[in-house]
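Working notes, structure below.
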Amino acid sequence: MTNENEQYADSLYKEDLDLIRVRETLAANGMPDISVAEGYGRLLTMLVAMSGAKQLLEVGALGGYSGICLLRGAGEAGRLTSLELKAEYAEVARGNVEAAGFGQAVTFKIGDGKASLEQLKAEGQQFDFFFIDADKEGYPVYLEYALALATPGAVIVGDNVFLRGRTMNAARVGPAIQAVRAFNERIASDERLLSTVLPGYDGLAIAIVK
Ligand SMILES: C[S@@+](CC[C@H](N)C(=O)[O-])C[C@H]1O[C@@H](n2cnc3c(N)ncnc32)[C@H](O)[C@@H]1O
């Protein structure tokens with residue numbers, strides 16, 4: 001769901017064939033059309049480019065839309081580790097990331113993102129950009145891992161932090177909603193982070209590790 005402002009902003013940009021392909025393959029494979037919003041996809045590219053990040057990590061690959069946006073910002077030296085629960089989704093993402101010209105730059109890790117992050121931590125891997133966009137109940141844990149795996153100055157971005165209004169609805173107390181509230185509060189108050197929450201689309205949290 002996009003509002004008039006978002007639709008206007010999106011209408012300014014020409015068709016993006018690599019991203020159209022992602023949406024087509026989602027439909028063709030019966031996958032949900034829940035890629036990051038167009039404007040936030042462009043913002044991911046900009047944030048990666050502006051920060052100079054090269055070692056990128058995303059939690060939640062789906063069909064590769066955000067992966068393509070992230071890698072576009074990082075240039076030739078960019079490397080993306082993409083964590084995805086479902087092997088069949090990762091295969092669709094792999095095809096789309098390859099078709100966009102980034103096949104050599106991406107590594108998919110299949111399974112629960114928390115287990116993959118624990119493995120990356122045990123291997124001593126570090127990243128300078130994190131995009132958290134998977135199961136909402138996992139957001140606080142994903143943030144904890146991002147802080148543990150972050151280089152100084154790393155950027156941490158979390159999508160859908162409004163949960164289409166459920167985050168702000170005090171009557172809603174389900175585990176995913178409480179987890180996203182905890183994530184947002186931590187983003188705003190953790191003294192190790194500089195942060196903001198953008199209210200467009202479904203809400204995007206952006207933080208820099210000091
Ligand atoms: C909102 S979609 C990701 C969209 C993607 N970031 C994009 O913008 O193109 C969420 C994805 O997270 C995956 N997911 C759900 N639970 C997960 C988990 N525990 N670990 C890793 N991935 C998970 C889902 O299978 C789905 O592909």
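All ligand and atom numbering here is 1-based and tracks the order in the structure. We use all heavy atoms of the structure for the numbers below, so side chains are in, but hydrogens, waters and symmetry mates are not.
Counting atoms of ligand 1 from 1 in the listed order, those under 4.0 Å from a heavy atom of Y89 are 25 (O), 27 (O). Residue G113 has at least one heavy-atom neighbour below 4.0 Å for each of these atoms of ligand 1: 18 (C), 19 (N), 20 (N), 21 (C). Against a heavy-atom cut-off of under 4.0 Å, G111 is close to the following atoms of ligand 1: 20 (N), 21 (C). Under a 4.0 Å criterion applied to the non-hydrogen atoms of Y65, ligand 1 contributes the atoms 9 (O). If you number the atoms of ligand 1 from 1 as listed, the ones under 4.0 Å from a heavy atom of V36 come out as 7 (C), 8 (O). Taking every heavy atom of K114 and a limit of under 4.0 angstrom, the matching atoms of ligand 1 come to 19 (N). Those atoms of ligand 1 with a heavy atom of D112 less than 4.0 angstrom away are 18 (C), 19 (N), 20 (N). Of all the atoms in ligand 1, the ones that sit under 4.0 Å from a non-hydrogen atom of Y142 are 18 (C), 19 (N), 20 (N).
Regarding atom 7 (C) of ligand 1, its nearest protein heavy-atom neighbour is S66 OG, 3.1 Å. Taking atom 23 (C) of ligand 1 as the reference point, the nearest protein heavy-atom neighbour is L85 CB, 3.5 Å.
Any N or O atom pair closer than 3.5 Å counts here, and E84 shares at least one such pair with ligand 1. Residue-to-ligand polar distances place D133 within reach of ligand 1: an N/O pair is separated by less than 3.5 Å. Of the polar atoms of G64, none of the N or O atoms is found under 3.5 Å from an N or O of ligand 1, judged by distance alone. Here's the thing with D135: one of its N/O atoms is less than 3.5 angstrom from an N/O atom of ligand 1. Considering backbone and side-chain atoms alike, G63 places every N or O at 3.5 Å or more from each N or O of ligand 1.
At distances below 3.5 Å, not a single donor-acceptor pair connects side-chain atoms of R172 with backbone N or O atoms of T167. Under a 3.5 Å cut-off, the side chain of D133 and the backbone N or O of G60 do not form any donor-acceptor pair. With hydrogens and angles ignored, the 3.5 Å screen pairs a side-chain donor or acceptor of E6 with a backbone N or O of N3.
Within a 6.0 Å radius of CE in M46, no more than 12 heavy atoms belonging to other residues, nucleotides or ligands are found. The environment of Q104 atom CD is sparse: at most 12 non-hydrogen atoms of other residues, nucleotides or ligands sit within 6.0 angstrom. Annotation for K210: atom NZ counts as buried by contact number, over 12 foreign heavy atoms lying within 6.0 Å.
Under the 4.0 angstrom criterion for non-hydrogen atoms, M31 is not in contact with ligand 1.
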Under 3.5 Å donor-acceptor pairs involving side-chain atoms of residues 145-155, not counting sequence neighbours:
{"from": "Y145", "atom 1": "OH", "to": "E118", "atom 2": "OE1", "distance (Å)": "2.4"}
{"from": "T151", "atom 1": "OG1", "to": "F127", "atom 2": "O", "distance (Å)": "3.4"}

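For A61, every heavy-atom contact with ligand 1 shorter than 4.0 Å involves the backbone, none the side chain.
Between D128 and K54 no salt bridge is recorded (no basic side-chain N to carboxylate O distance below 4.0 Å). Using a 4.0 Å cut-off between charged nitrogen and carboxylate oxygen, E24 and R21 do not count as a salt-bridge pair. D16 and R42 are not joined by a salt bridge, as no carboxylate oxygen comes within less than 4.0 angstrom of a charged side-chain nitrogen.
Applying the side chain to side chain donor-acceptor pair (under 3.5 Å) rule to Y139 yields the partners K136; only residues at least two apart in sequence or on another chain are considered.
With distances taken over non-hydrogen atoms, the option nearest atom 1 (C) of ligand 1 out of I132, L117, I34, L26 is I34.
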